[in-house]
Amino acid sequence: MPKVLPFVLLALAAGPVAQAQTPPVQDMTVQRGAAIAESRCSTCHQIGPEDGMSRTAPSFNIIGLRHTPISLERQLGALKNGHYEMPPLRLETDEIRAITAYIESLR
Ligand code: HEC
């Protein structure tokens, strides 16, 4: 069982995680990135297009503004080793690409 699952279940039990505004889905890659973000990142990060900083992690739209696509992909690749308070996440290259596309779509 993936380590993040208890957190996800906790968040689901705590209240609706889904955002009111769903981002426009441009293509399958963005859609896949959104699904990954929802299931694996949304316990800590706000992942919607209009969310501000909350909880302890930067929202994905702010992360999108901070990074270029290339630096974002590099940053996501580095998450495998864990960073800051984040537990190490195992993300495949195509998952990284999908999340990058999703975060880019929030701009
Ligand atoms: C257990 C909580 C947690 C989970 C789950 C989590 N994050 Fe994070 N993440 C954080 C925290 C906390 C920070 C910011 C730490 C800081 O800035 O000191 C962070 C920072 C980041 C940053 C760096 C932002 C920047 O501008 O440098 C990226 C990128 C990121 N997370 C992506 C993700 C992605 C993608 C996922 C899902 C696959 C994810 N995170 C899941 C807690 C989490």
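Whatever order the structure lists them in is the order used to number ligands and atoms, beginning at 1.
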- Would you please determine whether E95 falls within less than 4.0 Å of ligand 1 on a heavy-atom basis? no
- Note on the structure: For R32, the salt bridge (charged side-chain N to carboxylate O under 4.0 Å, His left out) test, sequence neighbours excluded, returns D94
- Can you name the residues that form a salt bridge (charged side-chain N to carboxylate O under 4.0 Å, His left out) with E73, not counting sequence neighbours? none
Would you mind listing which atoms of ligand 1 come within a distance below 4.0 Å of any non-hydrogen atom of [X]?
{"X": "Q75", "value": "27 (O), 29 (C)"}
{"X": "H67", "value": "25 (C), 26 (O), 27 (O)"}
{"X": "C44", "value": "1 (C), 2 (C), 3 (C), 4 (C), 5 (C), 42 (C), 43 (C)"}

- Is the closest N or O pair between R40 and ligand 1 shorter than 3.5 Å? no
- Item | Nitrogen or oxygen atoms of T43 and ligand 1 under 3.5 Å apart | no
Does some side-chain heavy atom of [Y] sit less than 4.5 Å from a side-chain heavy atom of [X]?
{"X": "P58", "Y": "Q46", "value": "no"}
{"X": "T68", "Y": "L72", "value": "no"}
{"X": "E95", "Y": "R40", "value": "yes"}

Heavy atom under 4.0 Å from ligand 1: found in [X]'s side chain, backbone, both, or neither?
{"X": "I36", "answer": "neither"}
{"X": "Y102", "answer": "neither"}
{"X": "P58", "answer": "side chain"}

- Note on the structure: For L91 and L76, the nearest pair of non-hydrogen atoms, with its separation, is CD1-O, 4.0 Å
- Message: For a quick test of reading the model, state the closest non-hydrogen atom pair linking I47 to A37 and the distance between them.
- Response: CD1-C, 3.9 Å
- Message: Counting only heavy atoms, tell me which of R74, H45, R66 gets closest to atom 26 (O) of ligand 1.
- Response: R66
